[in-house]
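This report concerns only the one structure given below.
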Amino acid sequence: MKSVTFLLASALVLPATLTVAPQAVSAAEDAFSKGAAILKVADERAAKFPDQTYTASMEIFKSGNLRQTMVFKMSMKGLEKQFIHFTAPGDVAGMKILMEDRDTIYMYSPEFQKVRRVAATCRTRASSAASSRPRTWCSPSSRRRSTPS
């Protein structure tokens, strides 16, 4: 009796899993296309004004818990040149980032009172300022010691 029940359950479940999988793929594609459309609209709205300045806060969550809230002032000229000045919390207050274009990024660290050029290979680390303290980011001199991830 057990083998018949197992066989029957397998026969009912297998076709269901085969029909569900294509829906998940189409849902992912749909989410991607919606995301791309949202980003396109955001870029179009941002491009309407050549210069922009605003103050924003960024909440960083880790494992579902609020880890840190960062406050920064952002100034933009077009969509390429950006200047970010972090004002809170204390460990990043005073840090400044200047992005002249996609591959030219400079960072001022009040901890060291120096300006560093951020290596293009380390852009992902620099763009996630919340992931670590500024001194752990790559700079052109530390690029030789670090391994790409």
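What's counted below: heavy atoms across the whole structure, side chains too, no hydrogens, waters or symmetry copies.
Here the options are Thr53, Ile97, Thr55, Ile84, the test is side chain to side chain contact (heavy atoms under 4.5 Å, CB included), and the partner is Met74; only Ile84 passes. Each of Gln82, Lys81, Glu80, Met76 was compared with Met99 under the side chain to side chain contact (heavy atoms under 4.5 Å, CB included) criterion, and only Gln82 meets it.
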Walk me through whether Gln68 and Asp91 qualify under side-chain contact (heavy atoms from CB on, under 4.5 Å). CA-CA 11 Å; Gln68 187 175 30; Asp91 62 338; 3.3 Å; yes
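The distance from atom CZ of Phe83 to atom CG of Leu98, rounded to the nearest 0.5 Å, is 7.0 Å. Atoms CD and NZ, on Glu100 and Lys77 in that order, are 13.0 Å from each other to the nearest 0.5 Å. Between the CE atom of Met107 and the CZ atom of Arg117 there is a distance of 14.0 Å, given to the nearest 0.5 Å. With rounding to the nearest 0.5 Å, the separation of CZ in Arg67 from CD in Glu59 is 14.0 Å.
Taking Thr104 as the reference, Asp101 meet the side-chain hydrogen bond (donor to acceptor under 3.5 Å, both in side chains) condition, with sequence neighbours excluded. Phe72 pairs by the ring pair (Phe, Tyr, Trp, His ring centres under 6.0 Å) definition with Phe86, not counting sequence neighbours.
Counting heavy-atom neighbours within 6.0 Å of Phe32 CZ, excluding the residue itself, gives a total of 12 or less.
At a threshold of 4.5 Å between non-hydrogen side-chain atoms, the residues Ser109 and Lys114 do not count as touching. The side-chain heavy atoms of Pro110 and Met95, taken from C-beta on, include a pair separated by under 4.5 Å.
Side-chain heavy atoms closer than 4.5 Å link hydrophobic residues (I, L, V, M, F, W, Y) into clusters, and following such links, possibly through other members, connects Val92 to Ile60. The hydrophobic cluster containing Tyr54 also contains Met70, counting ILVMFWY residues as joined when their side-chain heavy atoms lie under 4.5 angstrom apart, directly or transitively.
Checking side-chain atoms of Thr87 against main-chain N and O of Ala93 turns up no donor-acceptor pair under 3.5 Å.
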